[in-house]
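Heads up: the structure comes next, in structure tokens.
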Number of protein chains: 2
Amino acid sequence: MRARVSTASVSRVLNGSGAVTEPTRQRVLRAAQYLRYTPHEAARSLITRRTRTIGVLLPDIHGEYFSELIRGIDRAARLRGLHLLVSSSHGDAGEAALALRAMNGRVDGVLVMSPYLNAKSLDAALPSTLPAVLLNTPEQAGRAPAFVIDDFGGAKAMVEHLRALGYQRIAHIAGPEGNYESAERLRGFQAALGRTLSGRALVLAGNFTEESGYQAGQQLAAAAPRPDAVFAANDMMAIGCLLALREAGVRVPEDIALTGFDDIPIARYITPPLTTVRAQTTELGRQSLEELAHAIEDRESARPDRHTLSTQLVIRESCGQAQRRAR
Amino acid sequence: MRARVSTASVSRVLNGSGAVTEPTRQRVLRAAQYLRYTPHEAARSLITRRTRTIGVLLPDIHGEYFSELIRGIDRAARLRGLHLLVSSSHGDAGEAALALRAMNGRVDGVLVMSPYLNAKSLDAALPSTLPAVLLNTPEQAGRAPAFVIDDFGGAKAMVEHLRALGYQRIAHIAGPEGNYESAERLRGFQAALGRTLSGRALVLAGNFTEESGYQAGQQLAAAAPRPDAVFAANDMMAIGCLLALREAGVRVPEDIALTGFDDIPIARYITPPLTTVRAQTTELGRQSLEELAHAIEDRESARPDRHTLSTQLVIRESCGQAQRRAR
DNA sequence: TTTTCGCTGGTAAACGCTTACATTCGAACC
DNA sequence: GGTTCGAATGTAAGCGTTTACCAGCGAAAA
């Protein structure tokens with residue numbers, strides 16, 4: 001059109017397909033540059049039925065946990081030349097479903113992290129032809145593969161470690177109810193205590209926020225008999241708890257051991273450094289994106305497998321291992 | 001088509017435009033639900049020339065700074081029903097330009113944060129019809145409004161505060177060269193010291209990472225005479241510096257005062273809590289998105305203004321104010 | 001020189017919507 | 001009851017690409 005050629009030739013040049021002679025190629029390229037021409041992606045994806053974009057559905061972008069997750073996803077996406085359409089803050093299933101619909105025709109597949117959403121409502125919300133990968137999802141949703149952190153195993157290992165150090169009365173600050181990860185970590189806590197103990201175990205309510213950890217810490221400081229160790233369902237609550245204990249004059253780890261879950265960056269820097277469970281969050285993002293990319297390229301290959309990412313105990317000072325060993 | 005109606009009526013029902021009788025409306029709605037029909041967004045935006053999506057170009061998603069920024073953007077976008085297409089890790093201008101082109105036809109406008117990119121190359125990369133808002137950008141780029149943090153003012157206030165506390169030899173750990181924010185913070189540092197002092201002021205090289213702060217801290221610990229205060233260009237470097245000082249047996253704030261910039265969450269939790277400059281990062285994200293949304297709705301209204309967001313001194317313990325006052 | 005063949009480059013259909021315009025149909029008016 | 005009018009619905013064009021298919025053209029073969 002602009003360089004005395006048809007739209008077809010332009011398309012062929014820009015996509016490197018078809019056969020064009022060098023002179024034509026140059027003419028088109030020059031003209032494109034001159035006119036600052038950029039193909040309209042919406043039109044392109046309308047006909048190619050490919051958007052080279054991945055939808056990412058998150059419950060919230062708040063906090064370091066999600067920043068790590070997105071980072072893993074973003075890196076992997078960038079490596080594959082994929083774009084990311086993010087959507088967050090989906091409190092309930094309805095909102096998530098709405099966001100999912102709005103992505104139709106905009107994305108080639110979706111990455112869904114929805115700890116409150118069960119398999120059924122998810123299946124209902126997902127256009128059945130859209131490749132999807134689930135993150136930290138409760139149940140196995142029929143058709144989509146899932147990637148989950150081994151919350152149960154990590155929590156169990158943490159509490160077993162505390163028991164091995166000789167702590168007798170171990171309390172737990174739980175995450176929000178109805179949340180899959182909360183439930184798994186609680187289950188791990190109980191499993192480590194065993195049948196006899198877990199009935200008497202102290203479990204405090206929390207909702208993953210620092211504030212709720214702080215409140216739990218106040219209760220713990222006042223409790224009689226006071227537990228000698230606490231396992232919080234995530235690091236932010238452990239930190240809130242630490243602050244409350246400090247205010248109450250209860251020393252960590254001398255008077256009470258304290259541990260968390262996630263290994264967010266702050267955990268290393270507080271005093272005392274927090275013993276915690278490292279979840280491979282970045283890796284979770286990376287692997288799930290890779291799986292989704294595969295599923296998109298070859299729909300047949302998609303198996304609704306459930307991949308569990310292992311966790312790792314990160315022993316720092318808040319669990320009092322050094323003191324215990326010294327004795 | 002499915003409910004004995006034409007595509008036009010379906011469109012009218014789904015968009016709430018045009019006139020349709022209630023019975024028809026119900027028929028369409030029922031059929032749509034039954035067939036799980038969702039309009040194809042790419043096709044829709046091809047004709048409406050609206051995507052209801054904002055492109056976000058960031059240098060990197062790493063760290064809490066960006067997580068805060070995205071959060072502000074995301075919230076504002078969600079309030080307006082806009083989607084976010086994020087793209088990160090653009091080291092140089094070429095990569096950024098490439099990412100920008102790939103967004104053509106996918107977004108209604110872009111939010112660009114590119115501390116290394118100057119106005120000229122940006123203007124060249126942006127399709128001139130695409131509304132854009134710049135974040136923390138060096139120069140005023142011709143047509144786009146810009147939102148910047150008052151790095152100069154914040155740094156100046158911080159260093160003036162240190163001087164007011166009586167510190168005599170104040171060092172600076174600088175950010176990466178060629179970075180706009182680094183340069184502004186350094187300029188603020190120098191301005192606060194005044195003409196006479198700034199020539200002799202100790203400025204250490206850094207690149208915003210904890211590691212570079214650590215190295216600067218080692219140098220500071222060994223320096224003779226040792227400065228009595230340090231202002232790091234961001235919090236992560238201040239933290240790295242703190243660790244190095246601690247290892248070297250130099251106490252903060254007794255032996256040396258330490259301050260940072262950004263007020264990332266960690267700053268509150270380390271020991272001693274870090275005195276720093278709070279940048280309204282979330283607000284920066286929110287305001288810039290609002291401005292962009294306005295520019296999209298009404299292109300005429302877009303003025304290439306430069307908005308500067310004020311900063312706030314956050315006095316904690318690492319600057320030794322308490323000790324100084326006590327004397 | 002004529003025929004055939006291979007490659008380049010053009011024409012037009014199709015992607016799934018929105019919307020201007022045409023058509024239909026019922027009601028109201030004369 | 002026929003005409004007019006307006007509201008409801010249908011028809012079809014067009015958004016900017018890609019690509020199947022076809023035409024044209026020059027070189028090689030006969």
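Lettering of chains follows the sequences in order, A, B, ..., and the numbering in each one begins at 1. Computed over heavy atoms, backbone and side chain alike; hydrogens, waters and symmetry mates excluded.
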Whichever of A:Ala42 and B:Thr21 has its nearest DNA chain D nucleotide further upstream toward 5': B:Thr21
Nearest to the B:Ala43 side chain among D:dG16, D:dG10, C:dC17, which nucleotide is it? C:dC17
Under the criterion side chain to side chain contact (heavy atoms under 4.5 Å, CB included), I'd like the reasoning laid out for A:Leu46 against B:His40: C-alpha separation, chi angles, the key distance, then a yes or no. CA-CA 9 Å; A:Leu46 179 58; B:His40 193 281; 4.2 Å; yes
Rounded to whole Å, CD of A:Glu22 lies from C1' of C:dT8 at a distance of 14 Å
For the side chain of A:Ala8, starting at C-beta, report the closest nucleotide among C:dC17, C:dC15, D:dT19. D:dT19
Across all chains, not counting sequence neighbours, the side chain to side chain donor-acceptor pair (under 3.5 Å) partners of B:Thr21 are B:Thr24
Which nucleotide in the list C:dG10, C:dT19, D:dT18 gets nearest to the side chain of B:Arg12? C:dT19
Nearest of D:dT17, D:dT19, C:dC17 to any side-chain atom of B:His40? C:dC17
Which listed nucleotide (C:dT18, D:dT9, C:dG9) is nearest to the side chain of B:Thr48? C:dT18
Mind checking if A:Ser45 touches a base, just sugar-phosphate, or nothing, with heavy atoms under 4.0 Å? nothing
Atom-to-atom span, CD1 of A:Ile47 to P of C:dG16 - whole angstrom: 9 Å
Not counting sequence neighbours, which residues clear side chain to side chain donor-acceptor pair (under 3.5 Å) with B:Thr209? List them please. B:Asn207, B:Ser212
Side chain to side chain contact (heavy atoms under 4.5 Å, CB included) filter on B:Arg80, not counting sequence neighbours, yields B:Leu82, B:Leu289, B:Glu290, B:Ala293, B:His294, B:Glu297
With respect to the phosphate group of D:dG16, does any side-chain polar atom (N or O) of A:Arg44 fall under 4.0 Å of OP1 or OP2? no
Taking 4.0 Å as the cut-off, does a side-chain nitrogen or oxygen of B:Arg49 come that near to OP1 or OP2 on D:dG16? yes
Any side-chain donor-acceptor pair under 3.5 Å between B:Gln287 and B:Glu291? no
Quick one: B:Glu41 CD to C:dT18 C1', roughly how many Å, whole number? 13 Å
Taken to the nearest whole Å, CZ/B:Arg25 to P/D:dT9 is 12 Å
Going through the checks in order, is the side chain to side chain contact (heavy atoms under 4.5 Å, CB included) test met by B:Val110 and B:Leu130? CA-CA 7 Å; B:Val110 286; B:Leu130 192 68; 3.9 Å; yes
Not counting sequence neighbours, which residues clear ring-ring contact (aromatic ring centres under 6.0 Å, His included) with B:Phe147? List them please. B:His307
Using whole Å, report how far CG of A:Asn15 lies from C1' of D:dT17. 9 Å
Tell me, please, which residues at least two apart from A:Gln33 pass side chain to side chain contact (heavy atoms under 4.5 Å, CB included). none
Nearest whole Å is fine: how far is D:dT18 P from B:Leu46 CG? 12 Å
Think A:Thr7 has a side-chain N or O under 4.0 angstrom from the OP1 or OP2 of D:dG16? no
Can you tell me how far C1' of C:dA14 sits from CZ of A:Arg50, to the nearest Å? 19 Å
OP1 or OP2 of D:dA8 under 4.0 Å from side-chain N/O of B:Ser9: no
Specify the angle, to 10°, made by the local axes at the two ends of the helix from C:dT1-D:dA30 to C:dC30-D:dG1 when five pairs are taken at each end. 60°
